[in-house]
Enquirer: 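First the structure, which I've put down as structure tokens, then a few questions once you've had a look.
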Amino acid sequence: MSTNNHSDHNSSPSRPDWKSEVVMAAPPNRSDDLVAPISYDSKTIWLHWITAVLVVALWCLGETIDWFPRGTGRIAARSVHICLGISLGLILCYRLYWRIFAGRRLPLATSGLIQALSTLVLVALYATLFGTVVLGVANAWIRGDTLFNLFTIPAFDPGNKALREQVEDLHGLFANGLLILAGFHAAAALVHHFLLRDNVLQRMLPTRR
């Protein structure tokens with residue numbers, strides 16, 4: 001009788017140890033979830049490169065407007081310049097909003113003096129970009145203009161030639177300064193990529209998914 005009880009006890013299914021259940025219930029360790037992203041989000045990247053293209057295009061167009069023949073050709077060139085400038089201003093506002101409230105934040109890529117210089121250049125870029133756009137709008141408003149002969153921008157002070165020339169010169173000065181800062185910014189990114197061999201440039205390059 002006791003032998004049967006012993007055999008029945010051995011034949012009953014064994015209950016797994018509670019430690020095994022805990023281990024089996026634990027989620028698998030995914031190493032990719034622990035790796036910090038090395039690039040900005042796609043919207044930040046595209047806003048950056050659209051801004052860069054617009055800055056270069058606006059500077060080139062601003063330097064060559066007088067090459068166009070007077071009349072329809074020059075009006076069209078100025079109209080494109082004004083429309084692209086307004087687009088740049090809107091993109092700048094949205095880019096600042098996205099950077100502050102929604103964009104991906106990455107840890108600092110450098111430290112010390114290099115990081116301080118990088119931050120200074122970035123602030124100067126934003127300030128110069130904002131100033132260039134504001135002065136461009138003021139220039140068109142003070143001078144008065146027409147957009148593709150469809151819409152007229154009334155002149156703020158058509159008889160004030162000195163004010164018109166002063167704002168136009170400031171707009172050109174800010175635009176040149178912006179291009180110099182952008183060139184320095186691009187050169188620094190290339191130095192990081194080819195000489196320092198870090199991932200600073202890679203942070204702002206579009207990635208394939």
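None of these values were measured; they are calculated from a predicted model.
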Enquirer: Just how far is it from atom CG of D145 to atom CG of N139, taken to the nearest 0.5 Å?
Expert: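 Rounded to the nearest 0.5 Å, the CG-CG separation comes out at 9.0 Å.
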Enquirer: Drop me the distance from E168's CD to E165's CD, to the nearest 0.5 angstrom.
Expert: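 Going from CD on E168 over to CD on E165, the span is 7.5 Å.
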Enquirer: With heavy-atom distances below 4.5 Å as the criterion, would you say the side chains of I153 and T146 are in contact?
Expert: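 When only atoms from C-beta onward are counted, T146 and I153 do not touch, as no gap falls below 4.5 Å.
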Enquirer: Might you point out which heavy atoms bring F184 and V121 nearest each other, and give the distance in Å?
Expert: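 Heavy-atom minimum between the residues: CE2-CG2, 3.6 Å.
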Enquirer: Linking I/L/V/M/F/W/Y whenever any side-chain heavy atoms sit under 4.5 Å apart, do L90 and F101 land together?
Expert: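 Both belong to a single hydrophobic cluster.
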Enquirer: Do you know which two heavy atoms are closest between L135 and H171, and how far apart they sit?
Expert: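 So the minimum-distance heavy-atom pair works out to C-ND1, 3.8 Å.
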Enquirer: Do R203 and H192 make a side-chain contact, defined as non-hydrogen atoms from C-beta onward lying under 4.5 Å apart?
Expert: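 R203 vs H192: side chains apart.
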Enquirer: Please report the closest heavy-atom contact between T152 and P154, naming both atoms and the distance.
Expert: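 For T152 versus P154, the nearest heavy atoms are O-CD, 3.4 Å.
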Enquirer: Checking side chain to side chain contact (heavy atoms under 4.5 Å, CB included) for the pair L61/F68: CA distance, chi angles, key distance, verdict?
Expert: CA-CA 10 Å; L61 188 56; F68 291 84; 4.2 Å; yes
Enquirer: In Å and rounded to the nearest 0.5 Å, what is the OH to CG distance from Y126 to L181?
Expert: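 Those atoms lie 13.5 Å apart.
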Enquirer: Is the shortest heavy-atom distance from the side chain of N176 to the side chain of E63 under 4.5 Å?
Expert: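 Answer yes - side chains close enough.
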Enquirer: Output all residues satisfying ring pair (Phe, Tyr, Trp, His ring centres under 6.0 Å) with W141, sequence neighbours left out; order by chain, then residue number.
Expert: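 By the ring pair (Phe, Tyr, Trp, His ring centres under 6.0 Å) rule, W141 matches F156.
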Enquirer: Taking a hydrophobic cluster as the set of Ile, Leu, Val, Met, Phe, Trp and Tyr residues connected by side-chain heavy atoms closer than 4.5 Å, whether directly or through intermediates, do F151 and I86 fall within one such cluster?
Expert: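 They do share one cluster, since a chain of ILVMFWY contacts under 4.5 Å joins F151 to I86.
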Enquirer: Taking the side chain as every heavy atom from C-beta outward, state whether T119 and Q115 have any pair of such atoms under 4.5 Å apart.
Expert: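 A side-chain contact under 4.5 Å exists here.
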Enquirer: Can you tell me how far CZ of R164 sits from CD1 of I142, rounded to the nearest 0.5 angstrom?
Expert: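 Taking CD1 in I142 and CZ in R164, the distance rounds to 9.5 Å.
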Enquirer: If you count every heavy atom of other residues, nucleotides or ligands that lies below 6.0 Å from H48 atom NE2, does the total exceed 12?
Expert: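 Enclosed: over 12 neighbouring heavy atoms sit under 6.0 Å from NE2 of H48.
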Enquirer: Do the side chain of R105 and the main chain of I100 share a donor and acceptor less than 3.5 angstrom apart?
Expert: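 Side chain of R105 to backbone of I100, a donor-acceptor pair under 3.5 Å: yes, one is there.
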Enquirer: With a 4.5 Å cut-off on side-chain heavy atoms, are L88 and L129 touching?
Expert: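 L129 vs L88: side chains touch.
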Enquirer: Might you confirm whether atom CD1 of I114 has over 12 heavy atoms from other residues, nucleotides or ligands at distances under 6.0 Å?
Expert: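 Not buried by this count: 12 neighbours or fewer within 6.0 Å.
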Enquirer: Side-chain contact test, heavy atoms from C-beta onward, threshold under 4.5 Å: evaluate it for L92 versus T51 and give yes or no.
Expert: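 Side-chain contact under 4.5 Å: no.
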Enquirer: Got a sec, which residues hit side-chain contact (heavy atoms from CB on, under 4.5 Å) with S79, two or more places apart in sequence or on another chain?
Expert: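 With neighbours one apart ignored, the set is I75, L147, F148.
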Enquirer: Check whether V167 and V137 end up in the same hydrophobic cluster, where Ile, Leu, Val, Met, Phe, Trp and Tyr are linked by side-chain heavy atoms less than 4.5 Å apart.
Expert: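 In one cluster with V167: V137, no.
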Enquirer: What distance do L163 atom CG and D157 atom CG have between them, rounded to the nearest 0.5 Å?
Expert: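 Rounded to the nearest 0.5 Å, the CG-CG separation comes out at 6.5 Å.
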Enquirer: Considering only heavy atoms from C-beta outward, does the side chain of V200 approach that of H193 to under 4.5 Å?
Expert: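 They are not in side-chain contact.
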Enquirer: Determine the minimum heavy-atom distance between R74 and D66, stating which atoms define it.
Expert: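 Reported closest heavy-atom pair: NH2-O, 3.2 Å.
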Enquirer: Looking at every heavy atom in both R104 and S39, which two are closest together, and how far apart are they?
Expert: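 In this case the closest contact between R104 and S39 is NH1-O, 2.8 Å.
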Enquirer: Indicate if W46 and L84 have the same hydrophobic cluster label, given that clusters are the connected sets of ILVMFWY residues with side-chain heavy-atom separations under 4.5 angstrom.
Expert: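 No: no chain of side-chain contacts under 4.5 Å links W46 to L84.
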Enquirer: Check whether any side-chain heavy atom of W98 sits under 4.5 Å from a side-chain heavy atom of D41, and report yes or no.
Expert: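 Yes - at least one pair of side-chain heavy atoms lies under 4.5 Å apart.
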Enquirer: Check the hydrophobic clustering (I, L, V, M, F, W, Y; side-chain heavy atoms under 4.5 Å; chains of links allowed) and say if W49 and Y97 are grouped together.
Expert: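 No, because W49 and Y97 fall into different hydrophobic clusters, even though each may have its own neighbours under 4.5 Å.
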Enquirer: Could you list the residues that satisfy side-chain contact (heavy atoms from CB on, under 4.5 Å) with F194, not counting sequence neighbours?
Expert: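 Counting only residues at least two positions away or on another chain, F194 forms a side-chain contact (heavy atoms from CB on, under 4.5 Å) with L190.
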Enquirer: Going from CG on L96 to CD1 on I91, what distance comes out if it is rounded to the nearest 0.5 angstrom?
Expert: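 The CG atom of L96 sits 12.0 Å away from the CD1 atom of I91.
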Enquirer: Of the non-hydrogen atoms in G85 and L58, which two are nearest, and what is the gap between them?
Expert: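 Minimum heavy-atom separation between G85 and L58: N-CD2, 3.6 Å.
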